[in-house]
Amino acid sequence: MAEFFQQVVAGLASGSIYALLALAIVIIYRSTGVVNFAQGEMATFTTFIAWTLVDHGLGYWPAFALTLVIAFVGGIALERTIIRPVEGKPVVTVVILTIGLFIMLGGLTNWIWKAEVRSFPPSRPFPTDAWHIGDVAISKQDVGILLVTIGLVGGLWALFQLTKLGLALRASAVNPTASRLVGIRVGWMLAFGWGLAAAIGAVAGLFTAAASPPLEPNMMRPILIYAFAAAVVGGLESAVGAVIGGLAIGVALNLIATYDEHLHIELDRVRLPIALLLILTVLLVRPAGLFGKAVLRRV
Amino acid sequence: MAPLLELQDVEARYGPVQALHGVSLTVGEGEIVAVLGGNGAGKTTTLRAISGLVTKSGEVRFAGRRITRAAPERVARIGIAHVPEGRGIFQELSVHENLRLGAYLRRDGFDEGYERARAYFPWLDDRRGQQAGTLSGGEQQMLALARALMSRPRLLLLDEPSLGLAPIVVRELFEIVRQLNEKDGLAVLVVEQNAKLALRSSNRAYVLEVGRVALEGPSAELEQNDSVRKAYLGY
Amino acid sequence: MSRLVAARTAVTAIALVLAIVAMFLAPRWDKIGDIKGQQMGVYFIAILGLNIVTGYTGQISLAQGAFMAVGGYTTAILVVDHGVRDLWTIPIAALVAGVAGFLVGIPALKLSGLYVALATFGLAVAMPDILGWDKLDAVTKSGHEIQLFNSPDLIGKGFEDVTFLGHTLTFTRATYYLTWAIALVMLAVAWLVLRGGPGRAFRAVRDSELAATSSGVHIAAYKTFAFALSAAYAGVAGSLLVIAVAFADPNSFPAKLSLTILVGAVVAGLGSLWGVLIGAAFVQFLPDAAVHISKAQGVPDAVYGAALILIVLLLPTGFAGGLRRLFSPLTTRLYTRS
């Protein structure tokens with residue numbers, strides 16, 4: 001029982017990471033209609049930047065903050081330079097563009113930092129020991145990740161629902177033309193969305209490096225798939241769904257890995273296919289995702 | 001006195017297709033001007049040209065300033081409110097949020113603008129939380145108009161307000177527009193397929209055909225004009 | 001004749017000339033030329049197939065590599081475990097992959113464009129893991145890494161010279177010719193299919209499902225048929241890949257392969273057969289060219305990715321679309337679908 005509880009907490013922590021990346025994907029999709037296949041590589045790239053900052057003597061949390069700013073600016077730059085020209089183009093074109101970005105960033109990361117094994121030395125975001133409550137050992141890092149994620153999601157909610165900027169962001173996503181007619185600079189709103197998503201992705205990357213060292217260029221690849229699964233499960237347009245989806249997938253995968261020994265199915269090796277199966281099942285049963293609104297097509 | 005809005009020889013195209021072949025028109029301070037014409041005559045394109053939603057050549061001037069190259073955001077900023085075809089409201093957002101967006105450009109003015117809107121559309125209060133897309137067609141059009149008013153514009157561009165609405169709702173709508181014009185001095189440029197209603201509700205009118213101004217003059221005169229009667233009024 | 005038709009005729013003529021040159025040039029280049037040329041042929045076939053499902057019916061499939069895996073493993077298992085002559089396994093691989101494509105195409109009916117892309121992407125990513133799953137090892141006698149080398153049922157046992165019509169060819173040369181011979185056949189088949197009834201139906205589905213249904217086109221049937229057909233092509237490509245390498249393992253079919261094929265199809269220009277050769281050449285030789293720029297780790301990918309981005313921005317309709325834009329400017333897009 002204690003084991004179960006521990007694994008749930010651990011699952012929530014890894015799920016937080018999926019949730020954050022899924023959130024980034026949803027934000028970009030909602031505002032610009034693009035599924036960003038490069039989201040993971042963007043996160044990796046910014047995490048390496050953070051490592052470089054720490055390596056040069058900056059404390060962990062200051063580096064964290066600075067990295068978020070850099071990611072934000074980078075996201076805005078990306079949207080203004082390469083995404084804007086393909087606004088409104090066919091889906092395939094945009095997909096290939098983000099795939100190109102995926103490949104390019106992966107190559108850049110490898111080139112700049114080489115594929116050496118490294119972890120964040122010596123500073124880490126959270127202490128790596130655990131609290132012991134009776135039989136149960138709860139990793140402080142897991143709790144830290146979860147709390148920061150909750151805080152971040154809460155902050156984002158407040159931004160989108162309670163502020164004028166948030167309203168303008170939502171309006172730009174819902175009806176860009178009408179938004180322009182009321183005076184909103186839609187182009188910059190979209191860029192802001194990308195910046196925001198890049199920063200959120202950076203957090204996901206930083207937590208991944210902390211939770212599953214070492215830091216290496218491929219680290220976000222499987223996470224991207226889980227994040228897609230989470231985003232899809234929630235319905236690509238639902239932020240709430242993405243977060244819940246991410247947490248659920250994190251917990252589910254963790255429990256499967258734990259109890260796999262008893263089941264003898266060796267499911268651990270097929271975690272990705274399981275995520276895929278999940279994506280497929282949800283899409284078939286409820287194409288709009290569990291939280292999405294079904295789109296009625298008026299004939 | 002210089003007109004509030006002036007278009008000179010405006011040409012506009014959608015890709016390889018040219019929609020406007022040199023349109024010139026004016027709207028004076030406090031005037032209601034109608035633009036009539038059949039499908040594809042270029043009426044909607046004319047409004048979109050004013051708003052900066054379509055690439056164009058020629059001259060567009062508002063209160064003496066050139067806005068030919070202005071982006072839609074800037075056109076909104078200088079006091080032109082455009083209610084596009086299909087209403088242009090934010091379907092997924094609430095009534096209240098739609099109105100807040102209407103007042104986006106005013107730092108101060110939400111409450112004041114809201115008072116005005118409420119005066120003309122008292123039901124807005126009860127429906128503040130309702131999702132805009134679930135309103136009836138007529139209510140959506142009213143909401144679009146209310147939203148346009150929130151920014152206290154000097155000129156209102158109305159694109160086919162009667163589209164898809166029941167006659168009694170349309171009459172109500174035009175009555176409100178008339179009041180806005182009389183009481184608040186709001187200038188209006190309205191594009192309408194319903195020629196009779198448009199001519200009755202406006203001071204002057206232009207008839208567009210194939211992207212050009214075919215006829216223009218005081219609305220009362222045009223209503224008596226033979227070719228207008230045959231082509232657009234049905235008798 | 002119109003300028004576009006003239007341009008296309010010119011392209012065909014140039015391709016024919018290049019083909020003849022390649023045939024005679026081949027004896028002069030070394031083994032590497034054979035291998036790369038053969039790989040390009042594999043890409044050619046796979047891109048052709050993908051164009052059918054994505055370019056002609058508008059369903060974005062990111063799983064072409066996964067279907068290649070199906071075809072490739074079918075060949076490997078048949079050759080090694082069951083002693084089937086390699087050439088006969090090719091049509092069987094096509095069939096098996098085709099069925100797999102059909103099975104994927106059915107659920108795809110319920111999904112809109114983007115979701116099909118995501119679902120098939122998931123399939124492509126998951127395929128290596130599925131292939132490597134220990135539980136599946138029972139299906140094959142040799143586990144998930146299948147060695148065809150030295151198998152009597154493989155052309156030249158994977159390394160020996162082969163005699164054909166009186167000529168002696170090295171193994172690599174033989175597979176090179178084999179691949180391109182099959183590629184030409186597949187091209188002809190695609191051309192016939194797309195020119196006729198099915199082709200028109202496909203295009204109708206892509207341009208407007210609503211209009212197509214009202215015209216009596218059975219959408220579901222054609223969409224799944226397109227998936228099945230394109231998967232069959234992938235199966236052939238995968239089969240040839242395995243034959244040429246004489247080895248089948250999960251890492252031969254990573255997610256990147258599916259992405260590469262899609263890239264090739266987009267560079268070629270979706271919805272048209274004219275650019276497939278260019279697309280195949282792009283995905284085959286650009287990474288190599290990128291390596292020439294710098295052997296430093298990561299640079300080839302960075303250059304490849306950047307080139308891809310540039311092409312999408314400058315030539316979004318690919319080579320075929322660019323041809324059309326140059327010579328027939330009124331139709332500015334190859335097709336529009338959002």
Exercise. Applying a criterion of heavy atom separation less than 4.5 Å, what residues of residues 218-227 of chain A form contacts with chain C?
Worked result: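 At a heavy-atom separation under 4.5 Å, chain C is reached by A:I225.
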As an exercise, state the distance from [atom1] of [X] to [atom2] of [Y], rounded to the nearest 0.5 Å.
X: C:L118; Y: A:F37; atom1: CG; atom2: CZ; result: 5.0 Å
X: C:L308; Y: A:L97; atom1: CG; atom2: CG; result: 8.0 Å
X: A:I82; Y: C:L310; atom1: CD1; atom2: CG; result: 9.5 Å
X: C:T317; Y: A:K89; atom1: OG1; atom2: NZ; result: 9.0 Å

For this session: Check whether C:V266 gets within reach of chain A through its side chain, its backbone, both or neither, counting any heavy atom under 4.5 Å.
Result: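 When you check distances to chain A, only side chain atoms of C:V266 fall under 4.5 Å.
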For this session: Please flag which part of C:L62 lies under 4.5 Å from any non-hydrogen atom of chain A: side chain, backbone, both or neither.
Result: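 Contact with chain A is through the side chain of C:L62 alone.
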Flag the one option from [options] with the top tally of heavy-atom pairs under 4.5 Å to chain A.
options: C:A108, C:A119, C:P128, C:A126; value: C:A126
options: C:I311, C:L109, C:V299, C:V303; value: C:V299
options: C:A306, C:A302, C:A307; value: C:A302

For this session: Just give me the residue among A:V86, A:V94, A:I103, A:V35 that pairs up with chain C most often, heavy atom to heavy atom, under 4.5 Å.
Result: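 Result: the option with the highest number of such pairs is A:I103.
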For this session: For chain C, find which of A:T93, A:I96, A:I112 contributes the most heavy-atom pairs closer than 4.5 angstrom.
Result: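 Top option by heavy-atom pairs under 4.5 Å: A:I96.
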Exercise. Of all the residues in residues 255-265 of chain C, which have a heavy atom that comes within less than 4.5 Å of a heavy atom in chain A?
Worked result: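 The stretch touches chain A at C:L259, C:L262, C:V263.
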Problem set entry | Over all atoms of both residues, closest heavy-atom pair of C:G298 and A:N110 |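 It is CA-CB, 3.7 Å.
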